> 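Mind looking over this structure? Questions follow.
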Amino acid sequence: MRWSQSFHVTLREAPGDAEVVSHRLLSRAGMIQKLAAGIYSYTPLGFRSLRKLIEIVREEMDATGAQEVDLPILQPKELWVESGRWQRYIDDGILFHLEDRKSGEFALAPTAEEAITDLVRRSVTSWRQLPFNLYQIRTKFRDEIRPRFGLLRGREFLMKDAYSFDVDQKGLDRHYEKMETAYRRIFERCGLEYALVQADSGAIGGAASEEFMVVADTGEDALVFSDAGDYGANIEKAVTAPLAEPWAGEEARPFGKADSPTPGLITCEDQARHLKTDVTRITKTMLYETIDAAGGVRVVAVLIRGDLDINEVKLPKALGVMHAKLLDEKFLPSIAGCRPGFVGPIGLKAPDGQSEVPIYLDRSMENARNVFCGANAEGLHHSNLSVKRDLKAAGVVEVATAREGDPSPTGKGTLRIKRGIEVGHIFKLGAKYSEAMKCEVADQAQKMIPLMMGCYGLGVGRTLAAAVEQSHDDDGIVWPVALAPYQCALLSLQRDAEVQRAADELYESLKTAGVEVLYDDRDERPGVKFKDADLIGFPVRIVVGAKALAKGGVEVSTRREKKAEVVPVAKVVEIVKATLAAGARTLAVFA
RNA sequence: CGGGGCGUAGCGCAGGUGGUAGCGCGGCUGCUUUGGGAGCAGCAGGUCGGCGGUUCGAGUCCGCCCGCCCCGACCA
């Protein structure tokens with residue numbers, strides 16, 4: 001493509017509302033443009049990169065034997081009521097929905113479990129038709145409570161979603177593994193540094209799930225890894241090996257009722273300093289309002305060691321409820337008789353309709369002895385609480401947030417924390433949707449069984465943005481070869497006829513050799529062309545200028561290293577092809 | 001949805017106490033220049049987010065609405 005004939009425009013300054021680097025650089029490079037919050041257009045240049053990624057995803061999905069479909073985005077409410085997700089998604093506020101002229105209600109699909117399950121149940125009647133895996137690459141809509149970060153969290157976004165169907169768990173396991181392998185290949189082909197971590201399955205539901213994360217400091221997710229290399233989990237899911245107990249081997253000392261004043265000290269750290277003890281000897285008592293599956297509301301207390309925090313994603317599952325929300329401070333006086341900071345497990349008054357406030361212990365408190373806890377009175381703590389002697393616990397749960405330096409749950413290594421961008425999420429759904437929607441077949445024993453489903457999402461636009469987050473410098477994007485809009489930029493520096501002719505000829509031979517080249521033939525000064533080439537981030541740059549040309553050469557460099565070599569014109573195509581084939585990290589030079 | 005902030009030219013921004021809108025970049029024309037976002041001269045470009053109010057007069061003050069961004073709970 002000749003730049004002078006293209007639509008393409010770059011920006012000197014990023015739009016003021018672009019915060020993260022991928023949004024800024026993709027905007028400045030002229031690859032995307034915002035239409036509304038969380039809604040973006042791809043320009044011809046941006047769409048070239050997107051299309052490359054789409055093609056990689058399609059190839060790898062096809063290679064697993066998955067078959068591509070195209071499901072409606074506009075979906076009738078009835079389908080969503082059937083799966084039970086209509087109300088939940090409406091309540092969460094993330095479903096775009098609208099009415100047709102006869103007042104029929106429709107959703108703009110945020111995901112397609114219902115549509116695919118409906119397609120399958122109408123087509124499949126026998127176990128003999130299974131297994132299979134169906135996928136699509138289509139726009140999804142989610143009215144995100146807070147769209148942000150450009151392509152990283154849009155309200156309209158491109159996603160690849162695949163759905164596998166099997167008659168049994170073993171088949172599902174096989175599909176799941178195949179998808180994991182395909183995802184690894186996709187992210188490797190894109191040249192991304194990624195990690196596979198254990199995850200919470202969230203609103204999609206189902207049992208096991210794992211996330212593919214692109215490692216980047218700007219990522220929204222915290223990831224926990226063992227430095228022994230045998231454990232990785234989203235912090236929402238991460239667990240640790242049991243922590244060392246400071247009270248190990250101690251005799252339980254007599255309980256010290258309200259004997260430890262802590263006036264005005266709210267945090268465990270301040271209280272520990274004042275009481276001349278370690279923060280691990282302070283007990284945090286947190287009150288939560290829980291809602292169970294039947295809609296029953298209850299207040300519960302959760303005790304955790306003062307140096308740890310409760311992980312509120314893990315909490316509902318651990319307590320066996322649907323939701324657990326930190327109790328609003330305004331209810332503390334009536335239940336605990338004090339403000340935050342002095343709440344303790346002894347003497348809590350149950351709210352109306354509840355006989356007592358059940359006390360759950362985080363694992364860190366299971367054997368606690370000789371620790372302080374709030375006395376449910378302003379500015380007062382008890383001392384020498386010994387949990388087994390002094391409390392009747394409703395259960396022990398594992399709800400602490402993992403920390404850098406904690407021991408790995410695998411027993412090997414220490415935990416480290418990195419940040420990441422979730423680009424893929426694979427789930428074993430099991431029979432959740434097939435049971436709700438009666439997607440069944442007759443098995444060999446002529447019994448009707450619900451199909452075992454898996455679902456596998458991959459954020460296509462998000463992956464593109466993640467690639468930029470991971471690979472850029474002060475001058476612009478450094479595209480991995482596989483995702484670059486063009487593999488190579490060709491700049492002609494002067495208007496000089498000799499230079500123009502040499503550049504024109506090189507352009508033709510590069511095209512003939514099958515190299516994707518953007519030829520910057522604009523009537524611009526050299527500085528402008530250099531800046532734009534760096535900003536867009538073509539993996540390889542060829543500069544045709546009077547200086548080198550006088551010696552029969554042109555300059556070739558990679559975006560990553562930027563060290564230009566003068567090479568003979570006749571060798572350019574060969575060198576560019578070899579450099580691209582090697583990932584364009586460093587220039588391939590032939591003797 | 002709660003908390004904070006913003007909306008003025010294509011982009012980035014400035015416009016005390018009300019007096020009829022400017023700067024930089026970009027664009028167009030001409031000359032000059034040509035190896036890291038050149039220089040000079042000239043020109044074009046604005047319902048100041050919208051509606052209503054106060055006022056002789058509103059970008060500026062008041063009210064309502066809309067849009068956008070940031071911090072929290074959701075997610076590919």
Side-chain angles (χ1 to χ4, degrees), chain A residues 9-20 23-24 27-28 30 33-39 57 88-89 91-95 110-112 137-162 183 199-204 209 211-214 220-221 234 236 312-313 316 323-326 328 420-427 455-466 475-476 491-496 499 522-535 541 543-549 554-555 562 564:
Chain A
V9 177
T10 57
L11 260 44
R12 265 191 208 222
E13 284 171 291
D17 56 16
E19 200 71 15
V20 295
H23 186 193
R24 294 178 61 83
S27 300
R28 284 192 56 212
Q33 213 175 87
K34 187 169 84 176
L35 181 68
I39 303 175
V57 171
R88 166 135 197 212
Y89 274 62
D91 290 347
D92 287 351
I94 64 171
L95 193 68
T111 167
I137 301 171
R138 283 214 89 174
T139 301
K140 302 287 181 293
F141 293 87
R142 291 185 194 171
D143 195 359
E144 289 284 349
I145 304 154
R146 185 140 108 79
R148 61 182 143 176
F149 302 154
L151 293 183
L152 289 173
R153 179 183 297 280
R155 295 195 293 173
E156 171 176 335
F157 57 98
L158 192 65
M159 175 170 136
K160 186 283 300 176
D161 44 326
Y183 276 36
D200 181 79
S201 58
I204 307 281
S209 92
E211 292 166 327
F212 282 84
M213 292 283 184
V214 166
E220 285 189 85
D221 289 278
N234 193 309
E236 294 176 345
E312 294 189 357
V313 177
H323 295 285
K325 199 178 86 196
L326 196 59
D328 195 297
I421 299 163
E422 180 188 354
V423 289
H425 199 158
I426 57 180
F427 301 80
C455 84
Y456 317 94
L458 190 153
V460 181
R462 181 182 278 185
T463 299
L464 203 62
D475 294 317
L491 320 190
S492 63
L493 285 200
Q494 293 90 10
R495 259 189 285 183
D496 176 298
V499 169
R522 291 174 300 171
D523 185 13
E524 287 287 354
R525 296 170 58 82
V528 173
K529 297 190 180 186
F530 287 136
K531 289 287 186 194
D532 275 343
D534 287 349
L535 176 60
R541 190 186 78 183
V543 174
V544 184
K547 269 198 272 181
L549 202 58
V554 298
E555 285 164 41
K562 295 184 120 182

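No experiment lies behind these values; they were computed from the predicted model shown. Every heavy atom of this structure was used, including side-chain atoms; hydrogens, water molecules and symmetry mates were not.
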> Across the strands shown, which category fits A/Gly16 at heavy-atom distances under 4.0 angstrom: base, sugar-phosphate, nothing?
sugar-phosphate
> If I compare all heavy atoms of A/Arg153 with all of A/Glu220, which pair ends up nearest, and what's the gap?
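Minimum heavy-atom separation between A/Arg153 and A/Glu220: NH2-OE2, 3.0 Å.
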> Who is the Watson-Crick or G-U wobble partner of B/rA73, with both distances under 3.5 Å?
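Paired with no nucleotide.
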> Looking only at side-chain N and O atoms, does A/Arg12 come under 4.0 Å of OP1 or OP2 in B/rG26?
yes
> Does A/Arg146 place a side-chain N or O at less than 4.0 Å from the phosphate oxygens OP1/OP2 of B/rC71?
yes
> If each of A/Ala14 and A/Phe149 is mapped to the nucleotide of RNA chain B with the nearest heavy atom, which maps nearer the 5' terminus, i.e. the 5' end?
A/Ala14
> Quick check on B/rA38: is either OP1 or OP2 less than 4.0 Å from any side-chain nitrogen or oxygen of A/Arg525?
yes
> Within the 4.0 Å heavy-atom criterion, would you say A/Ala18 contacts the bases, only the backbone, or no part of the nucleic acid?
nothing
> Contact class for A/Asp221 (heavy atom, under 4.0 Å): base, sugar-phosphate, or nothing?
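Result for A/Asp221 = base.
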> Does A/Lys562 put a side-chain nitrogen or oxygen below 4.0 Å from OP1 or OP2 of B/rG36?
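So the side-chain polar atoms of A/Lys562 never come under 4.0 Å of the phosphate oxygens OP1 or OP2 of B/rG36.
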> Would you classify A/Lys34 as touching base, sugar-phosphate or nothing, given that sugar-phosphate means primed atoms plus P, OP1 and OP2, and contacts are heavy atoms under 4.0 Å?
sugar-phosphate
> Examine the base of B/rG37 for any acceptor or donor lying under 3.5 Å from a partner atom in the side chain of A/Arg28, and report the outcome as yes or no.
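Checked by distance alone, the answer is yes.
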> Check this one for me: any side-chain N or O of A/Arg148 less than 4.0 Å away from OP1 or OP2 of B/rG72?
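A/Arg148 to B/rG72 OP1/OP2: side-chain N or O found under 4.0 Å.
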> In terms of side-chain heavy atoms of A/Arg153, which of B/rG36, B/rC74, B/rG26 is nearest?
B/rC74
> Starting from P on B/rG2, measure out to CG on A/Leu326 and report it in whole angstrom.
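These atoms are roughly 19 Å apart.
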> At 4.0 Å (heavy atoms only), tell me whether A/Arg24 reaches a base, stays on the sugar-phosphate, or touches nothing.
nothing
> Within the 4.0 Å heavy-atom criterion, would you say A/Asp532 contacts the bases, only the backbone, or no part of the nucleic acid?
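Touches a base.
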> Give one of base, sugar-phosphate or nothing for A/Glu144, where a contact means two heavy atoms less than 4.0 Å apart.
base
> Record whether the side chain of A/Glu555 comes under 3.5 Å of the base of B/rG35 through a donor-acceptor pair of N or O atoms.
yes
> If we call it a pair only when both distances are under 3.5 Å in a Watson-Crick or G-U wobble match, what pairs with B/rC31?
B/rG39
> Check for me: is A/Phe530 stacked on B/rG35 by the 5.5 Å centroid and 30° plane-angle rule?
no
> For the pair made of CG in A/Asp91 and P in B/rC74, what is the distance, rounded to whole Å?
15 Å
> State whether the distance check finds a donor on one side and an acceptor on the other, under 3.5 Å, for side chain A/Gln494 versus base B/rG35.
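By the distance-only test, yes, there is a pair.
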> With a non-hydrogen cut-off below 4.0 angstrom, is A/Pro110 in contact with a base, only sugar-phosphate, or nothing?
nothing
> Could you state the atom-to-atom distance from CG of A/Asp17 to P of B/rC11 in whole Å?
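Computing the A/Asp17:CG to B/rC11:P distance gives 10 Å.
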